[in-house]
Amino acid sequence: VLGLARFVLTEPEDVQPTADPVTTVELVASLEAQVASNPEDLLSWQQLGTAYLRAATEIGNPSFYSRAATAFDEAAALDPGNPNTAVGVAVLALARHDFELASRTASALVSGDPFNSQGLLVLVDAEIELGRYEEAATHLQQLLDLKPALPALSRTSYLRELHGDLVGAEQVMIQALTAGSRSTFDVAVTTTLLGDLYLKKGELERADERYLEAQDLAPDLLTAGIGRARVAVAGGRFDLAADLLAGVVERFPEPGALTLLGEVQTARGLTGDADQAFATVGVIADLQRDAGAIVDLELARFMADHGDAEQALSLARAAYDTRPTVFAAQVLAWSLHQAGDSASALPYAQEAYRLGTADASLLLQAAAIAAASGDQSLAEDLRSKASGLDAWFLVLHPELDDPWK
């Protein structure tokens, strides 16, 4: 999903409120009033920065990134070097996809205090997003030894998922939910991630149940709404999927939801509506950039299928240079393939599945690249590995059903 965080926000425990008695919008308004009446209130500035970040994640509005930056700047001016402010700055860097900055900031925190669990959380996230999987696993184990709670367990689940262990990923995500959290929003995000695992494995009813649970906890959580739409797509219920996505983008036109809506409308034969959704993606990506976000990888993925192939390739190369993850390798491979250079794409496609990641788009695109390169055996093997995964993706991309097309 373009521009959305995968995990629960990393929030210092003495900055995060002990409960979520009001909506995020109400919390933001309350904290804004507090800092207006008392500009010297360090804790309120820190809480406000965190609330802005939560708002950006919950409703997909990138303008909150700039507001968060201002709040953390105010906090830093009041108490330079405060570790809780540094955590906020690092989380903001994650949200903006500036993973190098997040990694440097978190590394400094952990170097100064090896028991700083929030710094370790940011460091693990940044290392995963920079493709430094072994380093991430090392720091994650350090975090688990220190604090085996929901945030650490959800990241353990994701690393297992990246390495193709879906059963283990599900088990650990359930453990994360069992561990619980003081924040209902964190529980909602984690519940959505469990739903994503069920959806990936084709357990549509269980996935939809988790998404509904998440929406009960956080009604405006975009990722849960997108998850429900994908369940509908997997079941061939395009009208329902379109209605769900229309409700999501009406609240905020988030690029991932818009892309999915455009693909659903294409499947329904409504090309005009699809074109309108796709056109809006570029507008929102520009807004994200204006807010300081780095969206090269996400925009390259979109452009490779729905835009200019050469522009996609330029963005994909830039993303891969700074963020050589398996998904960056996938997007670069697909962009090369779409630009007509499948031979050059194949090594990147092979790099993309080096961890054994069980992801239909990654495997099916690699299969198409292998087929176009003349390696039918590899194409068939990859196609077999994708069988049963992410049914919604193949429904929307039936051209990948035959690896030799």
Side-chain angles (χ1 to χ4, degrees), residues 1-4 60 195-196 199-200 202-205 207-208 211-212 215 222-286 298-312 330-331 334-335 337-340 359-369 371-372 383 386-405:
V1 177
L2 185 61
L4 293 184
D196 291 345
L199 177 59
K200 180 175 288 293
E203 300 179 33
L204 303 185
E205 185 174 346
D208 204 41
Y211 296 138
L212 287 169
Q215 289 184 323
L222 287 177
T223 49
I226 292 171
R228 290 197 65 211
R230 286 175 171 167
V231 169
V233 168
R237 295 171 292 168
F238 295 132
D239 291 349
L240 174 59
D243 288 344
L244 290 168
L245 290 167
V248 169
V249 301
E250 183 178 1
R251 294 196 305 276
F252 187 82
E254 192 275 325
L258 284 163
T259 301
L260 186 58
L261 177 58
E263 292 176 345
V264 169
Q265 300 293 42
T266 298
R268 299 173 77 202
L270 302 176
T271 55
D273 291 341
D275 290 343
Q276 182 178 359
F278 291 146
T280 309
V281 172
V283 175
I284 302 304
D286 288 341
E298 294 76 15
L299 191 56
R301 185 191 297 273
F302 169 79
M303 294 295 291
D305 283 324
H306 305 295
D308 180 80
E310 291 300 326
Q311 185 179 358
Q330 174 198 1
V331 172
W334 191 241
S335 297
H337 173 74
Q338 294 289 72
D359 180 273
S361 69
L362 186 155
L363 293 166
L364 291 172
Q365 288 178 356
I369 292 167
R383 185 70 183 85
S387 178
L389 295 174
D390 301 308
W392 68 271
F393 179 80
L394 193 54
V395 169
L396 293 177
H397 297 273
E399 71 278 4
L400 294 175
D401 190 42
D402 184 343
W404 297 287
K405 283 185 179 179

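Excluded from the calculations below are hydrogen atoms, water molecules and symmetry mates; all remaining heavy atoms, backbone and side chain alike, are included. FYI, the numbering just counts along the sequence from 1.
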If I compare all heavy atoms of Val248 with all of Ala257, which pair ends up nearest, and what's the gap?
CG1-CB, 3.7 Å
Could you grab the distance from atom CZ of Phe302 to atom CD of Gln311, nearest 0.5 Å is fine?
10.0 Å
How long is the span from the CG atom in Leu260 to the CG atom in Leu396, to the nearest 0.5 Å?
6.5 Å
Using every non-hydrogen atom in the two residues, find where Pro255 and Val281 come nearest and quote the distance to one decimal.
O-CG2, 3.9 Å
Suppose the criterion is salt bridge (charged side-chain N to carboxylate O under 4.0 Å, His left out): which pairs have a residue in residues 262-279, not counting sequence neighbours?
Asp239-Arg268
Restricting to side chain to side chain contact (heavy atoms under 4.5 Å, CB included), what partner residues turn up for Ala312, sequence neighbours left out?
Met303, Ala304, Ser335
Minimal heavy-atom distance between Ala368 and Trp334, with the atoms involved, is CB-CZ3, 4.0 Å
Under the salt bridge (Lys or Arg N to Asp or Glu O under 4.0 Å) rule, collect the residues that match up with Asp305, sequence neighbours excluded.
none
If we ignore hydrogens and angles and just use 3.5 Å, is the side chain of Thr280 paired with the main-chain N or O of Gln276 as donor and acceptor?
yes
Begin with the C-alpha distance, continue with both residues' side-chain angles, and end with the deciding distance and a verdict on salt bridge (Lys or Arg N to Asp or Glu O under 4.0 Å) for Lys200 and Asp359.
CA-CA 8 Å; Lys200 180 175 288 293; Asp359 180 273; 3.6 Å; yes
Residue list, salt bridge (Lys or Arg N to Asp or Glu O under 4.0 Å) with Glu310, at least two apart or on another chain
none
Closest heavy-atom pair, Leu204 versus Gly235, reported as atoms and distance to 0.1 Å, is CD1-N, 4.2 Å
Evaluate Gln330 against Ser361 for side-chain hydrogen bond (donor to acceptor under 3.5 Å, both in side chains), listing each step before the verdict.
CA-CA 9 Å; Gln330 174 198 1; Ser361 69; 3.2 Å; yes
Considering all heavy atoms, the nearest Trp392-Val233 contact
O-CG1, 3.6 Å
The salt bridge (Lys or Arg N to Asp or Glu O under 4.0 Å) partners of Arg228 (sequence neighbours excluded) come to Asp208
State which residues pass salt bridge (Lys or Arg N to Asp or Glu O under 4.0 Å) with Asp286; sequence neighbours excluded, sorted by chain then number.
Arg289
Ignoring hydrogens, what is the shortest heavy-atom contact between Ala360 and Asp390? Give both atom names and the distance.
N-OD2, 2.9 Å
